Undergrad: 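Okay, here's the structure, questions in a sec.
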Amino acid sequence: MAETHADEPTRRDFLYVATGSLAAVGAAAAIWPLIDQMNPDASVLALASAEFDIGAIPVGQEITVKWRGKPIFIRHRSEEEIAEAESVDVSSLPDPQPDDARVIAGPGGELEKQWLVVVGICTHLGCVPLSYRGEYDGYFCPCHGSVYDTSGRIRKGPAPLNLEVPPYEFVSDTRIKIG
Amino acid sequence: MSGESTYTPGNGFSRWLDDRLPVMRLVNDSFVDYPTPRNLNYWWTFGGILTFCLAVQIVTGIVLAMHYIPTTELAFASVEHIMRDVNYGWLLRYVHANGASMFFIAVYIHMFRGLYYGSYKAPREVLWILGVLIYLLMMATAFFGYVLPWGQMSFWGATVITNLFGAIPFVGEALRTWLWGGFAVGDPTLNRFFSLHYLFPFLIAGVVILHVWALHVSGQGNPAGIEVKDPKKDTVPFTPYATIKDAFGLVIFAILFAYFVFYNPNGLGEPDNYIEANPLSTPAHIVPEWYLLPFYAILRAVPDKLGGVVLMFGAIAILFVLPWLDTSKVRSARFRPLYKQFFWIFAAACIGLGYCGGQQPDKILIHVGDGGFDVTDLSRILTVYYFAHFLILFPVLGLIEKPKPLPESIAASVLPGTRQEKATS
Ligand code: HEM
Ligand code: FES
């Protein structure tokens, strides 16, 4: 093809580009299943929501349940813990969120402030924080030293975000459904 | 130095084969008649030692894979089954587990050899880059392998490292879920890590072939850091000279290896990894294997999640561009009085980072009043020094340093009588 350097694009150029593009699209289409097979499969996604009985948790104590392979902390907060969480100047927090936004309403329509439900996974690199440790009486992550308060909000350390509140609702006064 | 081939087939069969597939010629020219600089010291035996390590890992690994079961239910038990029931299973596993550590000891010596003698400089940049690539693949392989026994450190190490990818803006979350195949490290993760752990050593073998190819194009460097002028005077044939020297180095290395396997098989490991993985409880103190500790220290030194991840990977990535950061015309630290001192400070900084990576971040080293100077403070200083070594010292030293005179030739640098000055190390 020595003498085809036309100034104008020719029909042949167009065919080359079109063929090449189609081949690229074809290759990408063939690669996609190889990549997507690594995403969560149907059986993992099907993990249903789960109900938990919280009636037996005394004030000032916490249980850990497992949901979607992750630990969930369900904490029955005392008056002092709630007061501590509410007394903070929200705008001074790394991830500002008032305590009210981290609890939900119960069957009666009132905020169930005594129940804190959070995913027990440090938002830094995923370790499980230790409960009732650290200077804010909330959680302390042993991995790189993040400290959370009694509302599960990040106060100190490398973690960028508050402990996640999972989607949940009150089925009755003493039962919650997560997911 | 890949000069004319000197291979002459000895008999009818090898002549016949040589015309069809000159594989014996390749072996002869690469490992028998191949001219090696006559002044190589024992730091040059680690290439052969590394090849040995790779072979040991592949052989023991393939055998372990015949007994290992990659499911979260059975992985831990299957490793115990290897240890207790399988004939010589304990030996195979201890060789494989300690073999990984020995592999890293060898690769670190090999790399620091390169830093000391300027082996990364033109015309060996590609050779060096391929080496850094092998190092990266080794770290990935060892990481996947460490997850397989499914102990507490396996699980939490995997959790922390995969979460690093979650720090990447926009795509991080999706990428992390994709790596896990779920919403946390679990069965799908263990399975794919096993698959990749099997694959990666063979990728390493492929890059090793390119590495040796590049080596044979540019020729080996040497402690004097000058090129071969007269092959007759400056070089000796690979066999028997380098072969025997490599073999001797390997025997010494194997003795150390055997010490760990037979007398201290868990000395380099973490006791917590003999507790089965528990996704609901993180051990009080999680640490990676020793060979990753310096990078772990860099990660923790930065108070910002993304920043920590960037610096950690940057610490490795910077090695790729080292050939262009170093401005010195002289290769070997023997003739670079300033660089030589900074080399040792750098080595100490790396060891210091390794120390920091293994300690609790808030451990106080020097008490001052209530608080004091803690491990995180030390990691920060060392991290800054690590990067300054590459980004400031390498460019600047080459410009301000007055190198010592180089020997006339390789032969002159080692043969008695002609030696100009007694070089240290
Ligand atoms: C670059 C080479 C390799 C390195 C650095 C490496 C590293 C490791 C490490 C650190 C472990 C964890 C050991 C422990 O604490 O128990 C491991 C386990 C394992 N590796 Fe490898 N490995 C390599 C090659 C291979 C190959 C080629 C295979 C073949 C399939 C393999 C199969 C296994 C198996 C089945 C285990 C789990 C059993 C055990 O924990 O001992 N490895 N590897
Ligand atoms: S994982 Fe919690 S502080 Fe790093």
Side-chain angles (χ1 to χ4, degrees), chain A residues 32 34-49 62-74 94-95 119-131 133-135 139-147 154-161 164 166-167 178-179, chain B residues 72 152 155-167 172 174-189 191-192 195-196 278-288 296-297 299-309 312 357 360-363 374-376 379:
Chain A
W32 179 244
L34 292 172
I35 294 176
D36 193 38
Q37 53 80 23
M38 279 175 65
N39 272 318
D41 60 35
S43 72
V44 170
L45 292 173
L47 276 183
S49 53
E62 176 180 295
I63 61 163
T64 305
V65 297
K66 204 167 162 186
W67 172 72
R68 276 189 162 181
K70 301 179 190 184
I72 306 287
F73 296 150
I74 306 176
D95 180 12
V119 178
I121 290 187
C122 179
T123 59
H124 182 226
L125 296 174
C127 293
V128 178
L130 305 169
S131 304
R133 297 270 199 90
E135 56 211 271
Y139 305 90
F140 171 74
C141 181
C143 289
H144 319 97
S146 290
V147 187
I154 180 67
R155 299 296 287 272
K156 230 178 103 178
L161 299 175
E164 185 191 342
I178 306 180
Chain B
T72 53
Q152 275 287 64
F155 182 87
W156 292 103
T159 297
V160 167
I161 302 292
T162 47
N163 266 306
L164 293 180
F165 293 91
L175 183 64
R176 199 176 55 182
T177 306
W178 179 75
L179 288 172
W180 286 338
F183 303 105
V185 173
D187 246 320
T189 328
N191 254 288
R192 65 191 54 177
S195 170
L196 295 173
N278 175 3
L280 296 187
S281 135
T282 309
H285 184 204
I286 68 161
V287 281
Y296 194 58
L299 169 76
R300 294 194 308 191
V302 187
D304 174 71
K305 182 165 160 182
L306 180 60
V309 175
M312 184 180 81
Q360 297 277 20
D362 51 2
K363 175 173 166 179
D374 65 13
V375 165
T376 305
S379 328

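Numbered from 1 within each chain, the chains take letters A, B, ... in sequence-line order. The structure displayed is predicted, hence computed values, not measured ones.
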Undergrad: What part of B:Ala184 gets closer than 4.5 Å to chain A, counting heavy atoms only: side chain, backbone, both or neither?
TA: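 For B:Ala184, the contact with chain A is made by the side chain alone.
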Undergrad: Can any side-chain N or O of B:Arg192 pair as donor or acceptor with the backbone N or O of A:Met38 at less than 3.5 Å?
TA: yes
Undergrad: Which atoms of B:Leu299 come close to chain A, meaning under 4.5 Å heavy atom to heavy atom: side chain ones, backbone ones, both, or neither?
TA: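 It is the side chain, since no backbone atom gets that close.
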Undergrad: With sequence neighbours left out, what residues match A:Glu164 under salt bridge (charged side-chain N to carboxylate O under 4.0 Å, His left out)?
TA: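 If we apply the salt bridge (charged side-chain N to carboxylate O under 4.0 Å, His left out) test to A:Glu164, skipping adjacent residues, there are no hits.
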Undergrad: Using a 4.5 Å cut-off on heavy atoms from C-beta on, say whether the side chain of A:Phe73 contacts that of A:Pro129.
TA: yes
Undergrad: If you count heavy-atom pairs under 4.5 Å with chain B, which of A:Ala159, A:Gly145, A:Cys143 comes out on top?
TA: A:Cys143
Undergrad: Between B:Gln360, B:Arg300, B:Lys305, B:Arg176, which shows the greatest number of heavy-atom pairs under 4.5 Å with chain A?
TA: B:Lys305
Undergrad: How long is the span from the CG atom in B:Leu179 to the OG1 atom in B:Thr189, to the nearest 0.5 Å?
TA: 8.5 Å
Undergrad: If you round to the nearest 0.5 Å, how far is CG of B:Asp187 from OG1 of B:Thr72?
TA: 3.5 Å
Undergrad: Examine whether an atom of A:Ile35 lies under 4.5 Å from a heavy atom of chain B, and if so say whether it belongs to the side chain, the backbone or both; otherwise answer neither.
TA: both
Undergrad: Can you tell me which of A:Pro160, A:Pro158, A:Gly126 forms the most heavy-atom pairs within a distance under 4.5 Å of chain B?
TA: A:Gly126
Undergrad: Tell me, for B:Phe155 versus chain A, whether the close heavy atoms (under 4.5 Å) come from the side chain, the backbone, both or neither.
TA: neither
Undergrad: Quick check on B:Leu280 against chain A: is it the side chain, the backbone, both or neither that has a heavy atom closer than 4.5 Å?
TA: both
Undergrad: Do you know which of B:Thr177, B:Thr282, B:Val302 has the most heavy-atom pairs under 4.5 Å to chain A?
TA: B:Thr282
Undergrad: Does some side-chain heavy atom of A:Leu125 sit less than 4.5 Å from a side-chain heavy atom of B:Leu164?
TA: yes
Undergrad: Non-hydrogen atoms of chain A under 4.5 Å away: do they reach the side chain of B:Trp156, the backbone, both or neither?
TA: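 For B:Trp156, the contact with chain A is made by the side chain alone.
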Undergrad: A:Lys156: which residues meet the salt bridge (charged side-chain N to carboxylate O under 4.0 Å, His left out) condition with it, sequence neighbours left out?
TA: A:Glu135
